[in-house]
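Take a look at the structure set out below.
Read the numbers this way: they start at 1 and go in the same order the structure lists the ligands and their atoms. Computed from a predicted structure; not experimentally measured. We use all heavy atoms of the structure for the numbers below, so side chains are in, but hydrogens, waters and symmetry mates are not.
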Amino acid sequence: MSTYVLGISAFFHDSAAALLRDGEIVAAAQEERFTRKKQDPDFPARAVEYCLEAAGIGPEELDVVAFYEKPFVKFERLLDTFSGNAPSGFPMFREALPEWAERKLDLPRVIRTALGDGFRGRIVFAEHHESHAASAFFPSPYEEAAILTLDAVGEWSTSAIGHGRGSRLELTQEQRFPHSLGMLYSAFTYYTGFKVNSGEYKLMGLAPYGRPLYRDKILENVAEVGDDGALELDMSYFSYLEGVAMTSERFHDLFGGPPRPPESAIGQKEMDLASSIQAVCEEVVLQAADHVHGLTGSKRLVMAGGVALNCVANGRLLREGPFEEIWVQPAAGDAGGALGAALLAWHHMMGEPREVSPRDAQGGSLLGPAYDNESIGLFLDAIGARHHRMDDESELVDRVAEILDSDKVVGWFQGRMEYGPRALGARSIIGDPRSPEMQRTMNLKIKYRESFRPFAPCVLREHVSEVFCTEPDQDWPYMLFVADVQKHLHRTLTDEERVRMEDPDLRIRVSVPRSELPAITHVDYSARVQTVDRERHGRFHRLMERFHERTGCPVVVNTSFNIRGEPIVCSPDDAFRCFMATDMDCLVLENHVLLKEEQPVGLTVDADAYRSQFTLD
Ligand SMILES: [Fe+2]
């Protein structure tokens, strides 16, 4: 008889479920992928259903359900914040109260109702940062490692440090709300006109266009950083305690005006602010890492929490910091808390040992649902889509490599869906990085966004250091580190391009090719690298090998299979609709190849109607 532990994160943002069978990760997925609501915070009923199905069990076989945080402690923080800021915090409190009364403070009932009468197991609660820490340490390839978690806030903790060895981990120090690196970064996200909890990565992408002119102003006025990376915020610059907005009038006075209205033009000020807060963030991360290194003496570090998705900071930490190796949980945000809570229950509460996997236990984070060729074929026939089934894989990858080589954009849908915010080659839109037009085409005709961010590269792992400044054979399967494009690939700018690089309009600047691989090279020659290897990535690796043989280029452009504001596609149905609503040229659903030009007119999806379903992120 196997033992099953189900982890759940829910009711903040990005709900998810993860399932362990005898300690091994069987399945994990975010609720948004099923409900098609980006960062769906609701109870992850569909994700739970999927996890049970993947294991072939019913709720009656679950031994333990682990929730990723302690709702009563979190409520205590809410009460405390409210009473400390009364009466200004009252509207926020009044708005939040019914949800707490009905669901969040009655989670055992909510969970038992959702799982049905059959469920007889125990329900346990982990602490938010313990869940993050467990999600970082237990699946990592290390027997022993220092731990650093950083996010906006859990119950009270906003960051924590500790140490893991074998099947145990311990958090020894924490930083408490309202002093929070995640909140500070989000405050600048808000102030520069991006959406909090999703626009942070845009701010990170904007940073290389600016200069850190406001760094000193931030550190002298707003945030004091201790030698140990502890942060003390002057709360008079913020208004998140009152729940009205992130930043206060005092903040606006300090930085010279009100926040940028969302979707309005981005100016040099926003770029300089982005550069400044990114610099502060990197300094805090480096300080905190130094501190935990000093305490533990460990050569390895594991990280999780939303701030650990800052791959620019991660790259710098690896280059400049004291650790030889770093592993970051790919679902570093709260979705990953589901996995962490389950692993914590397994090792700590149930006392089970841990076997360290040399490559890590995350399985490429390909932990979501897969669809077989028969069901895909039936679906395509039922809707009347034209498709070519190619069961000979060599022919299939040949054909797709040829399509990519002719500057076409391909929707690539293979195997199990990714767990975490990044598409890693299972639900990806891919293209040729050498093409000077690729970035623009993908942004405007496929993602429907005007972007200053280049796309991320996937590179054959065996060639990574030829293209990027990394160790040979660097293993980065989760797109969590930034590295520079090798110098010999940089382009020398023409005089005309130099002038364009000074243009206040970012769209002009972004169109200047920086390297031989313009679609993936940022303005500062950096790139957010994912390595693709034979063992984890199967067919995707074979496709990239074929593309390399054909073109001499071991890289493809990879962006998530979705449009702006849409969760990454989960099913063939989602993928087909997104394919038809955009200018994607080709869709590959397992062995089925679909060409846009062959699709019947009746299947066309109106792009505007499709886009209007999703809220801009
Ligand atoms: Fe968190």
Side-chain angles (χ1 to χ4, degrees), residues 7-18 28 30-32 38-42 44 47 66-78 81 96 104 107 125-139 147-162 169 171 173-187 189 195-201 204 229 231 240 246 281 284-285 288 302-311 313-314 328-344 365 419-422 480:
I8 288 177
S9 63
F11 303 134
F12 182 46
H13 61 102
D14 215 5
S15 294
Q30 289 135 277
E31 184 70 358
E32 61 162 27
K38 186 103 169 167
Q39 295 185 325
D40 194 339
D42 225 330
F67 194 73
Y68 84 129
E69 62 182 13
K70 295 190 166 165
F72 280 93
V73 187
K74 196 167 180 173
F75 189 67
E76 175 199 285
R77 193 239 309 154
L78 203 75
T81 306
K104 295 182 184 176
L107 274 176
F125 295 86
E127 273 176 24
H128 190 104
H129 275 259
E130 269 183 350
S131 295
H132 279 317
S135 79
F137 177 62
F138 292 133
I147 300 171
L148 174 62
T149 62
L150 295 153
D151 70 359
V153 62
E155 295 91 356
W156 280 102
S157 296
T158 61
S159 77
I161 57 174
L169 66 84
L171 294 179
Q173 285 179 21
E174 62 165 11
Q175 171 122 49
R176 280 165 80 91
F177 187 80
H179 306 291
S180 157
L181 179 58
M183 285 290 193
L184 176 66
Y185 207 92
S186 292
T189 303
K195 206 166 170 178
V196 170
N197 282 335
S198 70
E200 284 75 7
Y201 68 101
M204 182 184 78
L231 199 63
Y240 56 81
M246 289 300 293
C281 173
V284 174
V285 171
V302 296
M303 293 169 74
V307 179
L309 291 170
N310 193 310
C311 42
N314 297 350
V328 182
Q329 164 57 238
D334 284 355
L339 177 61
L343 287 165
L344 204 63
S365 220
Y419 174 50
R422 310 264 173 267
L480 287 163

Residues which pass salt bridge (Lys or Arg N to Asp or Glu O under 4.0 Å) with K70, listed by chain and number, not counting sequence neighbours: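 Once residues adjacent in sequence are excluded, the partners of K70 under the salt bridge (Lys or Arg N to Asp or Glu O under 4.0 Å) criterion are E127.
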Q30 CD to S15 OG distance, which is reported to the nearest 0.5 Å: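 Output value for this atom pair is 10.0 Å.
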Rounded distance [0.5 Å steps], OG1 in T149 versus CD in Q175: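 T149 OG1 to Q175 CD: 10.5 Å, rounded to 0.5 Å.
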Of the protein N/O/S atoms, how many lie under 2.8 Å from the Fe ion (ligand 1):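 Those protein atoms number 4 in total.
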K74 charged N/C atom sitting above F12 aromatic ring, 6.0 Å / 45°: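 Verdict for F12: a cation-pi partner in K74.
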Modelled atom types, side-chain donor and acceptor of E174 and W156, under 3.5 Å: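 Looking only at side-chain atoms, W156 and E174 do not form any donor-acceptor pair under 3.5 Å.
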Side-chain donor-acceptor pair present, E200, S186, cut-off under 3.5 Å: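 Side-chain D/A pair, E200 to S186: present.
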